[in-house]
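Worksheet: one structure, shown below.
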Amino acid sequence: MSLWVDKYRPCALGRVDYHREQAAQLRNLVQCGDFPHLLVYGPSGAGKKTRIMCLLRELYGGGVEKLRIEHQSITTPSKKKIEISTIASNYHLEVNPSDAGNSDRVVIQELLKTVAQSQQLETSTQRDFKVVLLTEVDKLTKDAQHALRRTMEKYMATCRLILCCNSVSKIIAPIQSRCLAVRVPAPSIEDICHVLSSVCKKEGLTLPQDLARRLAEKSGRNLRKALLMCEACRVQQYPFTSDQDIPETDWEVYLRETANAIVSQQTPQRLLEVRGRLYELLTHCIPPEIIMKGLLSELLNNCDGQLKGEVAQMAAFYEHRLQLGSKAIYHLEAFVAKFMALYKKFMEDGLEDMMF
Amino acid sequence: MMSKNSSRRKIVPTKVTDWVAPSFEDFFGNTNILSSTLLVKSSGEANQHQKRKDHSSVPESSKNKVLARIKGKSSSIDHICDHSKQNQSQSQNEPWVDKYKPGTQNELAVHKKKIEEVESWLKAQIFQRQPKQGGSVLVLTGPPGCGKSATIQILAKEHHVQVQEWTNPISLDFRKEDFKDAFNYESSFQMLPSQAQTALFQDFLLRANKYNKLQMLGESTEADDKLILIEDMPNQFYRDRDSLHEILRRFVRTSRCPLVFIISDSLSGDSNQKLLFPKEIQEELCISSISFNPVAPTMMMKVLNRIATAEASMNGEKFAVPDKSSLELICKGCSGDIRSAINSLQFSSLKEYSSENNLWSRKKGKSTLKSNTEVSRTKKKKRADKTLENQEILAIGGKDASIFLFHALGKILYCKRESLSDSEFPRLPSHLSEYERDTLLVQPEDIVEKSHMPGDLFNLYLHQNYVDFFTDIDDLVRASEYLSTADFLCSNWNSRPTLREYSASVATRGVIHSNTARAFAHCQGGMGFRPFHKPQWFLINKKYQENCLAAKSLFSSFCLPPLCLQTQLLPFLAMLTNPMRNQAQIAFIQDVGRLPLKRHFGGLKLETLTDKDLGMPGFENIDEGDLSAMRPLEVFVQLEKNQINETEPDEFPLISSQASGSELPSSQPQPITAQAIMEEDELKIDEYDSD
Amino acid sequence: MQAFLKGPSSISTKAPASKERGTAAAAGASGEGKRLKPIPWVEKYRPKCVDEVAFQEEVVAVLKKSLEGADLPNLLFYGPPGTGKTSTILALARELYGPELFRQRVLELNASDERGIQVIREKVKTFAQLTVSGSRSDGKVCPPFKIVILDEADSMTSAAQAALRRTMEKESKTTRFCLICNYISRIIEPLTSRCSKFRFKPLTDKIQQQRLWAVSEKENVKVSNEAMSCLVQVSEGDLRKAITFLQSATRLTGGKEITEKVVTEIAGVVPKETIDGLLSACQSGSFEKLETVVKNLINEGYAAAQLVNQLHDDIVEREDLTDKQKSIIAEKLAEVDKCLTDGADEYLQLISLCAVVMQQLTQNG
């Protein structure tokens, strides 16, 4: 039994539920015969991967959907062995180079070289290039990106790249200029409602409009999340009611409670407890940036207008440090401490004002 | 030159005496002390080859101090001497380290149990050997001067075991042609000095194994068993460990006698033992390892007393027995190194120096003493009263004492201060008055340095424990910001080695300065004893990385980027009732996808930092950002094993998709087979014909 | 270097270094195909001779003289991308040497190749030391020197650059160097002093439009006037970018007319309405509104760096802000840009930026 997300994923460009114009343009692209390198970007859960798979299907037909997981082993010049897993079909290869951490440059060079140098045996598809799909290219190191650009030039003839990422800010300009950039924005709330309704219909369930709307809004325009939430709702309680409780992920609830803890008391002891909670989140695989963002949004809910601006700036400052530094806990804790102090002062000032 | 002294010697070997003329004969004029220009080894034991070795390994410090007295410490073989111990007058200039060498087990300044351990190993190897048993290897480690060589020598003597020892050849006999060859790129036969050394070493091992030692005069011939001792490791092995391992393997297979390595470790830096004998080799070759502790102060005192009284009884007029407190001071200043202590004693006993008395209490304003563990706790309370009392080091013989981490942290966090006398320093202007502090009595940079920890590691300890010492949240803000800045400083791996110390400096000073509750000398008391804990960060981070890897490998069929996987898929999977294919997946989901919402914090144990803990040598190479190269961290924080560890991150998922494949429409990106783990080294992407 | 060995047509894929959009046919380097491979328009319409180079008069004048027999100095071309630096030198080399000798006499290395010190010492040096004759196979006279083209020289390490200086001097009899870069400050002083510097100006809108109209006519592409001016605007003086956008737009529209909307989509430019929306949210002083607007921005997928650039242009032009306000905002923009390149989270940085903007805008209000 697979998740609804995967079950009802559209498999052809003509059948996507939203951004239809863009899908038509992509179809034109395939038909014009002059297929460039692509850079597909957009927020998470917007449907980039789905559209890429549909595109591949347009290019190569149904054979793209027979996938295998393979594990490759690559040796770096410094004799270190890297293992990387790829997902491949007969016509394309998908790999996440940032799996290799600091050695992603080697992965790109070696893997792409091998793919590009192996000629396409399959002649009936009328394509003389293979496609390599690279995911999470915005997490590549700058070295790797330069290597990528070099490789793109070299092996243009036999191999096309489709790069997939969340944001192009971290992609260097030469790569951006060598690719056709396709922006996949997040679906609108109506789009999501529509998708949810149709999925539920296919599952044979009735979904009240209000619930659909609430789900769409709660998901933050992330279709994957919305579908997962919907499925969880079904597990929780069916038949659906409009005012049903929407299940949240555990860590979000935990984060909210942490924020409440911070707001309720601002002392060193409380900071220690918060530290413990942050550690707990980390061991449950929640990356520190997400913790920071989540904490910020919860804390902002508890703050007043003028405080919000300052808190937001602090969050940006410490998150930047977090990215550059090596131990996230320092920066998370510093942010929490700063917030506590600010909040405390704010409350005290507020009290004073009230006294007069 | 020598002949005038020949009257003192029992033998009259006019030829075979000192081959080296004493160069400083007239240096000190006509003091009596210099009456004997001869240095002879007077110990009653038969002079064996290893004596030489002992000398060469005596620390430089003693050589420098005892300068001209110790003449004729030649490396040549002039000790035909069979002097008995009674000939003390000639042995005046002998280093006491050798003179009062321990002769029996009782005289050893090593803990009884340790001696027993070594003894039992020795007995097992020598006396209870199975026939056809391969050679066995023992590695003795410990700080310098803690009695390793002495123990072996004594045990060997007691059990009548010969000791054959290896010394590094000082100069290899290079002929000119060899030399040219060595640097000739084209020549295929390159005889490099290093190779010559290893070849010699290997030769030595082989021969020592097969043949007995040459008989020295005065040795008994009864000893049949022998053991091979290596203290002076050829340098090449530090660079090329594999050759050492090869030689060892061969040795273990073919040898008939045990092999003992003695390795002195320093407190800081990589442990040599770990470098040379990594765990795999230890397991493979069944190498036993016994680690010696630094000499306990009580034992050291005993030995010093013994020597002092012996000397006093012999040369009363020249030697003044130092009083108890001075002896204690010597003990303290030498960090468990008994050789150093004895040398200090000897040097300080010189009459002309001891009278000046400035040896004993030269204040340097540093607090570097390592104190006894039980003593420290009680002393802590009294420490507030004593200001400079514990800050003396011996001008001579005071080693670069290191302090335990526990104390280092305490010094930083308790940050003792002294009130400013008014005239000394200009005060801060009034608008900065909140930054006014009394003088710090501790030097944070020194403390970090003496704790022998890299800066960023020290910061972690600080971070774990600093919150307890703060009462005001505003102070905490500043302190945490300094810690954050300190981490930021170390971010660039290029500049990390240099910036580490600055990072520690920023962090320690930041924490000290931010603590307004301890800003002045008068408000320093009342903290009581707080336990310190080891940083949890390592374990947390390790777990984070492991869990991420596990998630990726277990759920790779979903083809999601890690962020989505971790923050969305897993938590929701935990709520759904989809039958998962894999037990491991289910376990993982339950563990990671769900958070303990009801439970309050307390799930992560804190591990207390004890007095004995030194630095963590293995940690410096942690590459925290490198997911693909997760090395097993040598974490000594032992949390209870979480059941997550059942899923090994490097196992590949056994996703059997037979059940799933049929149910899904073809658009579902489900993998058909999970390919087995790569066998070949190079990259291989298979080309398949289409079906 | 590979390109160098393969032949002229493949040089063109490597030569236009930074801003080229790679496309399928990469100029026949892949050998036989079943169909005629489409060539990127950037290559197709690259100037073939020095005269065709648009708009860079001084450079063209000097180079023309060398065509007539005068000596060529060491050259340093610098300026914004897409202004014709590489095209110029390639055209010159082609004219000087003719197609046969071209391969022998020209060594081209750009940032994609290995250009470390080792390569400089070996390859370049060896090439530079070869002697050349003074006449062509078809009888015409050809200059007795070779040309080494170092494209994107500013990304060479300074050590590699230093290794170059000596070679430049020693082999000046038989070899001329041409360095191409975007920022002259990244070339070390000894090198710049050995070369004649030529600044390539960014093309004016008029010239760009001219060229673009010419290309679109030849390729039979319908472009609306607004789209054309939009095209010129988004490419910011970079002709290569403009042509590539044009080609991509053609691909996506599949033959229909290219509208302004398509152009902005391809260029990834944030529409003006969005920026205005953002600024008005800042003006309103309500943080909640700001949060929603920024969230929407992120959800739309716009690149934060692009947003920062456009916001900057907007703010600087505004009349209703005092200089002080503008300067504070500009400083924050610079910080945010730096943080974004360092990899910080976009949402947080944008919110923080907008908070500052909001603060400044509402201060005097």
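The basis for the numbers below is simple: all heavy atoms, side chains too, and nothing from hydrogens, waters or symmetry mates. Within every chain, numbering begins at 1; the chains are lettered A, B, ... in the order of the sequence lines, protein sequences first and strands thereafter.
Using modelled atom types, one finds a donor on one side chain and an acceptor on the other under 3.5 Å when comparing B:Gln536 with B:Gln464. Counted by atom type alone, B:Asp487 and B:Ser503 present zero donor-acceptor pairs between their side chains at under 3.5 Å. Side chains of B:Ser484 and B:Glu481: a donor-acceptor N/O pair is absent below 3.5 angstrom, by distance only. In this model, no donor atom of one side chain and acceptor atom of the other lie less than 3.5 Å apart for A:Glu273 and A:Gln269. Judged purely by distance below 3.5 Å, without hydrogens or angles, the side chains of A:Asp104 and A:Thr141 pair a donor atom with an acceptor atom.
For chain B, the nearby part of A:Lys49 is the side chain; its heavy atoms alone come within less than 4.5 Å. Heavy atoms of A:Leu282 lying under 4.5 Å from chain B belong to its backbone as well as its side chain. Contact annotation for B:Leu460: both backbone and side-chain heavy atoms come within less than 4.5 Å of a heavy atom of chain A. The contact between A:Lys344 and chain B is made entirely by side chain atoms (from C-beta outward), counting heavy-atom distances below 4.5 Å. A:Ser44 touches chain B through its side chain: at least one heavy atom from C-beta onward sits under 4.5 Å away, while N, CA, C and O do not. Contacts between B:Thr485 and chain A at a heavy-atom distance below 4.5 Å involve backbone atoms as well as side-chain atoms. When heavy atoms are compared at a cutoff of 4.5 Å, A:Ala12 does not approach chain B at all. Of the atoms belonging to A:Leu324, heavy atoms from both backbone and side chain fall under 4.5 Å from chain B. Only the side chain of A:Tyr318 comes within contact range of chain B, judged by heavy atoms closer than 4.5 Å.
Comparing A:Asn222, A:Thr86, A:Asn96 by heavy-atom pairs within less than 4.5 Å of chain B, the highest count is held by A:Asn222. For the options A:Asn166, A:Leu332, A:Ile84, A:Leu228, heavy-atom pairs under 4.5 Å to chain B are most numerous at A:Leu228. Note on A:Cys285, A:Gly325, A:Pro247: by heavy-atom pairs under 4.5 Å with chain B, the leading option is A:Cys285. Per-residue heavy-atom pair counts under 4.5 Å with chain B were compared for A:Leu342, A:Val274, A:Ile329, and the maximum is reached by A:Ile329. Ranked by non-hydrogen atom pairs under 4.5 Å with chain B, the options A:Leu322, A:Val336, A:Leu281, A:Ile286 are led by A:Ile286. Looking only at heavy-atom pairs under 4.5 Å with chain A, the residue among B:Asp472, B:Val477, B:Asn492, B:Leu489 that has the most is B:Val477.
Taking the six-membered ring where tryptophan is involved, the planes of B:Tyr466 and B:Phe470 are perpendicular, since the angle between them exceeds 60° and thus also 30°. Taking the six-membered ring where tryptophan is involved, the planes of B:His463 and A:Tyr330 are perpendicular, since the angle between them exceeds 60° and thus also 30°.
Partner of B:Thr516 under the side chain to side chain donor-acceptor pair (under 3.5 Å) criterion, chosen from B:Thr471, B:Asp475, B:Asp474: B:Asp475.
Every residue two or more places apart in sequence or in another chain was checked for a ring-ring contact (aromatic ring centres under 6.0 Å, His included) with A:Phe317, and none qualifies. Residues that satisfy the salt bridge (Lys or Arg N to Asp or Glu O under 4.0 Å) test with A:Arg256, not counting sequence neighbours, are A:Glu248, A:Glu298.
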